[in-house]
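The structure under discussion appears below in the form of structure tokens.
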Amino acid sequence: MAKRLQVCRNCKRFTTERVCPSCKSTNLSTSWKGVVVITDVESETAKMLNIIEPGRYALYVG
Ligand SMILES: [Zn+2]
């Protein structure tokens, strides 16, 4: 059985676990839009989204 993909409302990181792997928050949402993959945290996109760690993030979390 596939795990449900959720997004952390705190840092917008994707996770299939019950807690966010990045900030350990349990404030997760299944309502999200858009995917952005950050490989370079110095990029404009990463700075705009306040991302400090490479990974997959949602653009919008409901
Ligand atoms: Zn998080």
Side-chain angles (χ1 to χ4, degrees):
M1 187 178 155
K3 286 181 177 176
R4 203 167 190 185
L5 191 61
Q6 298 183 99
V7 173
C8 174
R9 283 196 181 95
N10 193 37
C11 67
K12 295 185 168 67
R13 189 155 188 174
F14 282 97
T15 180
T16 52
E17 306 300 326
R18 286 172 182 271
V19 294
C20 173
S22 188
C23 69
K24 309 300 178 195
S25 169
T26 53
N27 189 8
L28 307 173
S29 174
T30 52
S31 175
W32 50 268
K33 283 175 189 168
V35 180
V36 61
V37 179
I38 300 296
T39 52
D40 177 13
V41 293
E42 296 298 316
S43 70
E44 289 300 314
T45 312
K47 285 176 181 172
M48 196 176 76
L49 297 169
N50 292 315
I51 289 167
I52 55 164
E53 198 182 330
R56 275 175 79 206
Y57 296 85
L59 284 174
Y60 168 83
V61 186

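Counting starts at 1 for both ligands and their atoms, in listed order. Below, all heavy atoms of this structure are taken into account, side chains as well, without hydrogens, waters or symmetry copies.
- Here 4 is the count of protein N, O or S atoms positioned under 2.8 Å from the Zn ion (ligand 1), waters not counted.
- Figure legend: cation-pi geometry between K12 and Y57 absent, as NZ or CZ is not positioned both under 6.0 Å from the six-membered ring centre and within 45° of its axis.
- Y60 and L49 fall into different hydrophobic clusters, where Ile, Leu, Val, Met, Phe, Trp and Tyr side chains are chained together by heavy-atom contacts under 4.5 Å.
- Atom-to-atom distance recorded for R13:CZ and L28:CG is 13.0 Å, nearest 0.5 angstrom.
- Nearest approach of R9 to G62, heavy atoms of both residues: NE-O, 3.0 Å.
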Side-chain polar contacts of residues 40-48 - donor-acceptor pairs under 3.5 angstrom, sequence neighbours left out - could you list them?
from : atom 1 : to  : atom 2 : distance (Å)
D40  : OD1    : E42 : N      : 2.9
S43  : OG     : D40 : O      : 2.9
S43  : OG     : A46 : N      : 3.3

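- Closest non-hydrogen pair, R56 versus V37, comes out as CG-CG2, 3.8 Å.
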